[in-house]
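Below: the structure, in structure tokens.
Owing to the predicted nature of the structure, the values given are computational and were not obtained by experimental measurement. Protein chains get the first letters and strands the later ones, always in sequence-line order, with residue 1 at the start of each.
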Amino acid sequence: MTTFDIHAAMAILRAEMPRFPKPLIDGMGEEEANNPFRILIATILSLRTKDTMTAVVAPRLFAVADSPEKMLALSEEEIAELIYPVGFYRNKARTIRAICRRLIEEHGGKVPADLDALLALPGVGRKTANLVLTAGFDLPGICVDTHVHRICNRWGYVQTRTPEETEMKLREILPFEYWKEINGLLVTLGQNICHPTSPRCSACPLAHLCARVGVERSR
DNA sequence: AAAACGGGGGC
DNA sequence: GCCCCAGTTTT
């Protein structure tokens, strides 16, 4: 059991996080916000990469190809050229084409709105699949990336070793009303305050709730 | 459980 | 120069 007050924490985050720049997916415009294809491809681009870098590259790519058919019309080299700065660009270009081929062959050219179908796509793991469900389709899901995993453990809200374990625990204990929000809010907190190393606890609006597990107090 | 993929930005 | 970054796959 945990004594961490999740309701208080989420209320504070809802109030405080909007003053920071929005994460990539949350920052997408109205048209893109519910475009599962763009969410999916942008998430592939963002693997182990600064999301500010993805924000530069994604519009460049979508201007040329915003559907599986148009994307597949580009060669691996052409895609790699367009997305170069994100890193892993050869892998990602190959993965993007493989995904688009599968979308056309097995899903009528649409992104499936189903967790298992998403996980079956090449290069798609639990983080990406859950982000597409929640951000792309407004369906239930909990997207656990390194920020969510780290911060929930620092809080003392969960005690887990891996992001997957964190997701499964959150499915048990996180009130349903927060499922779709927790990723965006914790990414913002993680990028701006609760950094992986040297978190700025003195600037954190949740400091009074946090167990600060694994966090060194600074002065 | 650990390595590999990989270039750009911050310090 | 060195370390980190909205992970996933393979060994």
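- At a threshold of 4.0 angstrom between heavy atoms, the contacts of A:T43 with the nucleic acid are absent.
- When the nucleotides C:dA6, B:dG8, B:dC5 are ranked by their closest atom to the side chain of A:F88, B:dC5 comes out on top.
- If you take CG of A:L40 and P of C:dA6, they are 19 Å apart, rounded to a whole angstrom.
- When each of A:I96, A:T54, A:V111 is paired with A:I41, the side-chain contact (heavy atoms from CB on, under 4.5 Å) condition holds for A:I96 and for no other.
- The two residues A:R154 and A:T197 have their closest heavy-atom pair at NH2-N, 4.4 Å.
- Few gaps surround CD on A:E165; more than 12 heavy atoms of other groups in view lie less than 6.0 Å from it.
- Separating the CG atom of A:N91 from the C1' atom of C:dT9 is a distance of 9 Å, rounded to the nearest angstrom.
- For A:I182 and C:dA6, the CD1 to P distance is 17 Å, given to the nearest whole Å.
- Of the two residues contacting DNA chain C, namely A:L121 and A:S46, the nearest-nucleotide position lying further toward the 5' end is that of A:S46.
- Around the CZ atom of A:R90, the shell of radius 6.0 Å holds no more than 12 heavy atoms that belong to other residues, nucleotides or ligands.
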Exercise for the section: Any chance you could lay out the side-chain contact (heavy atoms from CB on, under 4.5 Å) test for A:L189 and A:M17, step after step, and finish with the verdict? Expected result: CA-CA 7 Å; A:L189 181 68; A:M17 289 307 100; 4.0 Å; yes
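- Checked against B:dG8, B:dG6, C:dA6, the side chain of A:T49 finds its nearest nucleotide in B:dG6.
- With contacts defined as side-chain heavy-atom distances shorter than 4.5 Å, the pair A:T166/A:I142 does not qualify.
- Across every non-hydrogen atom of A:P36 and A:G136, the tightest pair is CG-O, 3.6 Å.
- Here C:dC5 is the nucleotide among B:dG6, C:dG7, C:dC5 with the atom lying nearest to any side-chain atom of A:P196.
- Using a 4.0 Å heavy-atom distance criterion, A:T52 is classed as making no nucleic acid contact.
- The CE-P distance, from A:M53 to B:dG8, rounds to 8 Å in whole Å.
- If you measure from atom CG of A:L45 to atom C1' of C:dT8, you get 15 Å, rounded to the nearest angstrom.
- Atom-to-atom, CG of A:L119 to P of C:dT9 comes out at 9 Å; the value is rounded to the nearest Å.
- Which of B:dG6, C:dA6, C:dT8 sits closest to the side chain of A:T128 comes down to C:dT8.
- Considering SG of A:C194 and CZ of A:R150, their distance stands at 5.5 Å, rounded to 0.5 Å.
- Between B:dC11 and C:dA6, the distance separating the two P atoms is 15 Å to the nearest Å.
- The shortest distance between the side-chain N/O atoms of A:Y89 and the OP1/OP2 oxygens of B:dG7 is below 4.0 Å.
- The residue A:V148 sits apart from the nucleic acid: no heavy atom pair falls under 4.0 Å.
- Between the P atom of C:dG7 and the CZ atom of A:R48 lies a distance of 6 Å, rounded to the nearest Å.
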Problem - Pair pattern of DNA chain B in dot-bracket, where unpaired bases get dots and | marks partners in another strand, Watson-Crick or G-U under 3.5 angstrom - result: |||||.|||||
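- Using a 4.0 Å heavy-atom distance criterion, A:P23 is classed as a base contact.
- If you take NE2 of A:H149 and P of C:dG7, they are 12 Å apart, rounded to a whole angstrom.
- Here the separation of C:dC4 from B:dG6, taken at their C1' atoms, is 13 Å to the nearest Å.
- Taking the P atoms as reference points, C:dC3 lies 15 Å from B:dA3, given to the whole Å.
- Side-chain atoms of A:L47 lie closest to C:dG7 of the nucleotides C:dG7, C:dA6, B:dG6.
- Going from the C1' atom of B:dG8 to that of C:dT9 covers 23 Å, rounded to whole Å.
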